[in-house]
Number of protein chains: 2
Amino acid sequence: MKLSDFEFEVMQVFWDQGSLTAPEVHKVIAEQRKVAYSTVKTIIDRLEEKQALVRERTYGRTILYGAAVTRESLSKPMVHSFIGKLFGGNVRPLFNHVLKEESMSLEDVAYLQEILDQKRRKLEEEKE
Amino acid sequence: MKLSDFEFEVMQVFWDQGSLTAPEVHKVIAEQRKVAYSTVKTIIDRLEEKQALVRERTYGRTILYGAAVTRESLSKPMVHSFIGKLFGGNVRPLFNHVLKEESMSLEDVAYLQEILDQKRRKLEEEKE
DNA sequence: GTTTTATATCTACAGATGTAGTTTCATAGC
DNA sequence: GCTATGAAACTACATCTGTAGATATAAAAC
């Protein structure tokens, strides 16, 4: 499933906040930038069309929508294709780039060293 | 400067191989998938319009194009906005995701530990 | 000098995307 | 029951993107 930027942004709202009605989603997005209700509703309609959102129930004529796909299921191919596109699928240049260009604290570094070490142990186990 | 997927793909060819003519670019891309010459040329035209490519000289009526922007200058904002979009701008969930979902060898892990250690030392220096 | 060939240029189009106005209509409030 | 309100549904549109056919033309080949 391929989502546009805006569609993905709306999905994030559902992943963060759970099931919502269209007016509620509009309110969340509109807090950050000016956007018409019908614009948000169009995106919701398209997400429903793509079966990324489903109708869970109604309050009167107001519809409660819920995410029908997980964040991970979408992120995974997105990250993969992004690394493919920018770094030829290799993690080394990705990490090089991030360490060089993205701001990081010493705590972030310590955290990354920790999870890297876990990964190393896991790979060593699997080797046997 | 915002480039489409295909436009970025063509830029990669220039970054990898240096200056090229349109037929040469077409040949490179066509090795990987079926695409008409005029399709590739349209993308080159659009890249010229966006000033990502420049005409360097001509051989007869054939034009030699060259990249007018660096890979880094485009990758940097792309990576940054991607991390922003998927991981709220935090490197930790990015690394978590990559370590979990992307395939990596023990050598990759060792390499990452190495550059992380360099990063740690650099940050510690700067702290003082 | 004419023909052939290759390249540039031009034109076109369908589908995706972000955007929002308009219309319909169910329900809430009176 | 009537009216007002708010939400859904519908329609519209400019721009971007991938795609490529058609046309013009310079240079190469003969």
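Heavy atoms only: backbone and side chains are in, while hydrogens, waters and symmetry mates are out.
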Original post:
Once you round it to whole Å, what is the distance between P of dC10(C) and OH of Tyr37(B)?
Top reply: 13 Å
Subject >> Side-chain donor-acceptor contact under 3.5 Å, Asp45(A) with Thr42(A) >> reply: no
Original post:
Are Val13(A) and Leu53(A) linked, directly or through other ILVMFWY residues, by side chains that come within less than 4.5 angstrom of each other?
Top reply: yes
Original post:
Whole-Å distance between dA8(C) C1' and Ile44(B) CD1?
Top reply: 11 Å
Original post:
Looking only at N and O atoms, is any donor in the side chain of Thr42(A) or the base of dA20(C) less than 3.5 Å from an acceptor on the other one?
Top reply: yes
Original post:
Between Asp45(A) (CG) and dA12(D) (C1'), how many Å, whole number?
Top reply: 15 Å
**OP:** Taking only Lys NZ, Arg NE, NH1 and NH2, and the carboxylate oxygens of Asp or Glu, determine whether Arg46(B) and Glu7(B) approach each other closer than 4.0 Å.
**Re:** no
Original post:
Does the dA7(D) base have a donor-acceptor partner in the side chain of Arg61(A) within less than 3.5 Å?
Top reply: yes
Original post:
Counting any heavy atom closer than 4.0 Å, what does Lys27(A) reach on the DNA or RNA strands: base, sugar-phosphate only, or nothing?
Top reply: nothing
Original post:
Counting only distance, no hydrogens or angles, is the base of dG21(C) paired donor-acceptor with the side chain of Ser38(A) under 3.5 Å?
Top reply: yes
Subject >> Closest listed nucleotide, where the reference is the side chain of Thr39(A) and the choices are dT19(D), dA20(C), dA8(C) >> reply: dA20(C)
Original post:
Is Lys41(B) touching bases, backbone alone, or none of the nucleic acid, heavy atoms closer than 4.0 Å?
Top reply: base
Subject >> Closest nucleotide among dT17(C), dG18(C), dT17(D) to the Arg46(B) side chain >> reply: dT17(D)
**OP:** Pick base, sugar-phosphate or nothing for Asp5(A), based on heavy-atom distances below 4.0 Å to the nucleic acid.
**Re:** sugar-phosphate
Original post:
Phe95(A) and Tyr111(B): aromatic ring centres closer than 6.0 Å?
Top reply: no
**OP:** Counting heavy atoms from C-beta on, name the nucleotide in dA20(D), dT19(C), dA8(C) closest to the side chain of Pro23(B).
**Re:** dA8(C)
Subject >> Nearest listed nucleotide, side chain of Phe6(B), among dA9(D), dT19(D), dT17(C) >> reply: dT19(D)
